[in-house]
Amino acid sequence: MVNLVDMSRAGTVFHAVCASAVLSVLVFSHVLPAQAPQPSVPADAIYKQAGQPVEERVRDLLRRMTPEEKARQLDMYRGVSPSVEDDAQKSADDIKAHGFRPDIAEKTWGSLGVGSIHDLYGAPELNNEIQKWVIAHTRLGIPALFAEEGLHGFSTGTIFPAQINLAATWSTQLATQTGAAIAAEARATGIHMLFAPVLDLARDPRWGRIEEDFGEDPWLTGQMGLACVQGMQGASLATDHSVIAEPKHFAAHGSPESGTNTSPVHIGERELRSVMLKSFEPSFRQGHAMGTMAAYHEIDGIPVTADPFLLNTILRSEWGFKGFVLSDLGAIRRLYDAHYVAASPKAAVVMAINSGVDMQFYDFDHATFQNAIINGIKDGSLSSTALDRAVSDVLRVKFELGLFDHPFIDPTLNSRQHRSQQRLDISYESALQSMTLLKNKDNLLPLSKDLKKIAVIGPNASVARYGDYAPEPDERSHNDMLSQIRQTLPKAAISYADGKSIPQALDQIKDAQAVILALGERPGISGEGSDRSSIDLPDNQEALLEAVVATGKPTVLVLQNGRPLTIGWAKEHADAILEAWYPGEFGGKAIAATLFGDNNPSGHLTTTFPRSIGMLPDYYNSDPSKNHKYIDGDDQPLFPFGYGLSYTTFKFSNLGVEIKGSGPITVSVDVTNTGKAAGDDVAQLYVRQDVSSVETPDRSLKAFSRVHLDPGETKRVVFSIPQQELEIWNASKQWVLEPGSFTVWAGDSSRADLSSKFSLGQN
């Protein structure tokens, strides 16, 4: 048996799944205890009646189910089974030759049904065929749930910028549009659930999954996550364009010890509630997300998959969660062979379900997992109440999706939804708005389109960088930045070198009027399982940078990377720095548009750029008592949270605060474009209670608004802050709004210095 804990991804490699995708979901055979013949179900059973309330249908179906049928609903089947890992090609060939194989389905699933299917990425016709068989050949006719990855694009559909790019736009509108677009492309193939968005807080840039996050701030992450969830789930789940959203990794996964994936997280309940859970709460309370993924790690010695306080007390009781909890890949198994809090696989399964987990994600083979549930009920170690809760949660989602009433997708829908122009436009717009200008000495940018000779140098020039959870770029699409620069300046002489040989690179820039240096990260050093002990420029890139700058040529550094990097030398010596992150399939076009003035950069950082790795953790909203002074260098970050330049300039003025009783706090400020170009800025509002009973962050983001302004134009931006947002979790473990004075700052970064005071609860 393969040790699933060693499989670092919770997803799949997209370019491989399409070849091997379908029938191997059915090849894993297992033995369960034989169940006695069960009575047939009347045609007028309540759960079969579309007009009945969902909860009534769930209860009616649940009471008809055997323990074996219940166990099956909590299991996930995959496209490529670990048990036949060596025969993956054989399985792919079998699919091409034979298609769906009912004989293998009968052997594998029998009459017990299927909880969920993952790693299939099948066409709608195939998914319909499988669904039809599942419903017809199982006693109760419970449909299967098809679930796949969709962090910044679904399968071979539109590839959107990475989530860190979407965050840099500070646009909840784009987040909603992106979520809706990915959902529509997925549902058109028969997919019902996407493993997104990621709402961890990116507080340690050594962690490889920073690119999947919205950044380090709980408020921004919470609002962007809410927008994504609302886009994915829409007004109703029972449509042909909406899916279940699954905010992950619940909870606090983004701040692991040493920045290594799955490591312990060292926080107490106050920080958990005040910071880490704040990024998730809006998606559940307001967005009513119907899925979530329980993370690998432990908090204060308690693994998340064995933590009823997180999964039941907070998620279900306090937040009203009605969906189902899926373990991260192998997270239940880790209770047994990583955390060592369970003595056996059975004990791990029972512990997880008793604690609030509903479904496994390839933790144990199907027989081990399902027998653990059945035997746990028999010997009393598994609570029947917990089992029924888990099964009800899964069934409820299937009813809400309308799968019992309309289980199939229109096969013609995919051709209309797949990579539609509307979705391609959203991807490009997101890439444009995420371009983040970090330095622009003497207004070198935008470069003139009249330049005759330009050198484009570096390993990220001739290949598009999509980031993790995306297919490999298709070189034939020419969407890399080198190709797009050549298209933008068709008459200019564009020389190129990948920079592996520094002398060769220097030879290419001898006659250049400007150098565009394409540096950053590559696959294998960013993404899930790619944690780094250094966040300097990788490989020979620092030496290449310094050699190019030493020539005296005007040099623009363009970064494509998944995490903040320690680029102190570049900040001091490069003429301009453009942070592009992983900007999706139109990233090269967006970069070129920005470099040559067709796009005014307007992205703002959502993660702090530390000066050195020794400063970690380094995030803007740390507690004021933090002693961040070192004897061997500047203690300030290279670029602070919220920072971003433009080809124009902005001024904030006339900050005002108004409070009426217990109503929202209204804060208004004038934003003026003081430059000569139209542009967007991000107005940001930060608040701190001056004195409180427990220590609170130095300042915290509480509102933001993206603003477009023509030259000389002024707009009054008005923010409304519910007083509840200023509550603190006090020493008595209660949310309270303590009376006192507060300071508010407005500006376009966390270093905003325009401030005012207000008071609450004082006569």
(message) Listing request: all side chain to side chain donor-acceptor pair (under 3.5 Å) pairs with a residue in residues 436-455, at least two apart in sequence or in separate chains.
(response) K449-D598
(message) Centroid separation under 6.0 Å, is that true for the rings of F609 and Y643?
(response) no
(request) Drop me the distance from L199's CG to S279's OG, to the nearest 0.5 angstrom. (result) 5.5 Å
(message) What I want to find out is whether E521 reaches R563 closely enough, with some N-O distance under 4.0 Å, to be called a salt bridge.
(response) yes
(request) Give a yes or no on whether the backbone of D536 and the side-chain of R532 come within a donor-acceptor separation of less than 3.5 Å. (result) yes
(message) Closer than 4.0 angstrom, basic N to acidic O: yes or no for D539 and R522?
(response) yes
(request) State whether the side chain of N540 and the backbone N or O of G499 hold a donor-acceptor pair below 3.5 Å, judged by distance alone. (result) yes
(message) Can you tell whether the side chains of E528 and R209 come within less than 4.0 Å, N to carboxylate O?
(response) yes
(request) Salt-bridge test for D531 and R206: reply yes if a basic N is under 4.0 Å from a carboxylate O, no otherwise. (result) no
(message) Using every non-hydrogen atom in the two residues, find where Q433 and S171 come nearest and quote the distance to one decimal.
(response) OE1-CB, 4.0 Å
(request) Before giving the answer on side chain to side chain contact (heavy atoms under 4.5 Å, CB included), spell out for D670 and F652 the whole-Å C-alpha distance, their side-chain angles and the decisive distance to 0.1 Å. (result) CA-CA 6 Å; D670 287 341; F652 287 71; over 6 Å; no
(request) Find the distance between CD (E542) and CD1 (I567) and round it off to the nearest 0.5 Å. (result) 9.5 Å
(request) Tell me whether the guanidinium CZ or amine NZ of R465 lies under 6.0 angstrom from the six-membered ring centre of Y582 and within 45° of its axis. (result) no
(request) Answer yes or no for K248 and Y469: cation-pi contact, defined as NZ/CZ to six-membered ring centre under 6.0 Å and angle to ring axis within 45°. (result) yes
(message) Distance check, rounded to the nearest 0.5 Å: S750 atom OG versus L701 atom CG?
(response) 9.0 Å
(request) Without swapping roles, check the side chain of S483 against the backbone of D480 for a donor-acceptor pair under 3.5 Å. (result) no
(message) Would the distance check show the side chain of S430 and the main-chain N or O of I426 forming a donor-acceptor pair, the cut-off being under 3.5 Å?
(response) no
(message) For the backbone of D681 and the side chain of D748, can you confirm whether one donor and one acceptor N or O come within less than 3.5 Å of each other?
(response) no
(request) Anything under 30° is parallel, anything over 60° is perpendicular, the rest tilted; go ahead and classify F641 against Y686. (result) perpendicular
(message) Using a 3.5 Å distance criterion without hydrogens, assess whether the side chain of E185 forms a donor-acceptor pair with backbone atoms of R419.
(response) yes
